[in-house]
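First listed ligand is number 1; within each ligand, the first listed atom is number 1.
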Amino acid sequence: MLAKAPLSLVATEMQAVNDLIIDRLSSDVVLINQMGHYIVNSGGKRLRPALVLLAAGACDALDSRAHLTAAIIEFIHTATLLHDDVVDASELRRGKETANALWGNEAAVLVGDFLYSRSFEMMVEVADMRVMDILSSTTNTIAEGEVMQLLNIHDADTTEARYLAVIHAKTAKLFEAATRLGAVLGGRSSQEEHALATYGRHLGCAFQLIDDVLDYEATEEKLGKALGDDLEEGKPTLPLIYAMQHGTEAQAALIREAIEKGGRSYIDDVQEIIHATRATDYTREVAGNEAKQAREALRSVPASDYREAMEVLVEMSVKRDH
Ligand code: GRG
């Protein structure tokens, strides 16, 4: 039984990753330094770099290349957040004003570009074609996922399958890359690489499903951003899709109108319908099923404290309230 919190197992390594992040943020352009430090010090959970470290630990590969890879993954994640907050016109993230709210859309997009391109410079340092291959195709898929999501906005006919395709691409793919890279850095068999990649993918799906539940169920204080953001943007996430399918005709019509028009005026009615149709319970069930598959995949990874920590992370990801 793992005695400590799962991330404490890689706390020392994470300190090295944080130092690397700070070091590689540096630029002669003052605004990049300012914004970069603001974002990376704004209290992110560092879940994805931790996954690189835990997977690398499970594969006896916890070395400087693992640190670099973990920092790359966090840079890519941070670049996507910067761009996402511009696309969604979000004003609050991690309980703080977003970069776009403070410095404007242009600066936020461009500093996202800086982080993204810096991550490619760091990939060259890792000097491994497989690592390059995985990270370049992953970022390409993330961008595709975000475009697919854009096409679903205000479309009340978005199906569960289309929603799942979006979350696979925009979120699960980066989790998958993080854990797959641990195996690649450790030179592990394709079977073990597949197991760790499958674990990451299912964990990422579960994580996003809970994210979409929390948009309706959490408190603003816990979440660090406004509740009901998805509805305001007309984003058809699974709680809405399910509620439309299982509500009365009138309830389905109201949710359809809310998705098509967006805005915050529908939030109370929609919350009530979500509650009545148990739509978030269903979404949690789907997340639970993803979590189960993540745990199953881990069985093909040799037992270690790192594997156990990855197992604990699955539970934490589905039981979280922020
Ligand atoms: C720059 C490659 C590139 C692509 C841009 C905008 C975009 C395309 C992609 C957005 C993808 C995105 C933001 C997905 C949501 C993922 C998600 C659940 C983010 C929140 O993750 P947490 O809770 O964040 O781990 P913290 O704050 O802890 O770091």
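- Within a 6.0 Å sphere centred on NE2 of His322, heavy atoms belonging to other residues, nucleotides or ligands number 12 at most.
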Kindly list each side-chain donor-acceptor pair under 3.5 angstrom involving residues 166-173, sequence neighbours excluded, with atom names and distances?
unit_1 : atom_1 : unit_2 : atom_2 : d
His168 : ND1    : Leu164 : O      : 3.1
Lys170 : NZ     : Gln149 : OE1    : 2.9
Thr171 : OG1    : Gln208 : OE1    : 2.5

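- Residues Phe114 and Phe120 share a single hydrophobic cluster, defined by chaining ILVMFWY side chains whose heavy atoms lie under 4.5 Å apart.
- Both Val314 and Leu9 are members of a single hydrophobic cluster when ILVMFWY side chains are connected at heavy-atom separations under 4.5 Å.
- The ring-ring contact (aromatic ring centres under 6.0 Å, His included) contacts involving residues 233-281 comprise Tyr242-His246, Tyr242-Tyr282, where partners must be two or more places apart or lie in separate chains.
- Listed by first and then second residue, the side-chain hydrogen bond (donor to acceptor under 3.5 Å, both in side chains) pairs involving residues 26-35 amount to none (not counting sequence neighbours).
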Identify all N/O pairs between ligand 1 and the protein with a separation under 3.5 Å and present them as a table of atom names and distances.
unit_1   : atom_1 : unit_2 : atom_2 : d
ligand 1 : 21 (O) : Arg48  : NH2    : 3.0
ligand 1 : 23 (O) : Lys45  : NZ     : 2.5
ligand 1 : 25 (O) : Arg48  : NH1    : 2.7
ligand 1 : 25 (O) : Arg48  : NH2    : 3.4
ligand 1 : 27 (O) : Arg94  : NE     : 2.6
ligand 1 : 27 (O) : Arg94  : NH2    : 3.3
ligand 1 : 28 (O) : Lys45  : N      : 2.8
ligand 1 : 28 (O) : Lys45  : NZ     : 3.0
ligand 1 : 29 (O) : His77  : NE2    : 2.8
ligand 1 : 29 (O) : Arg94  : NH2    : 2.7

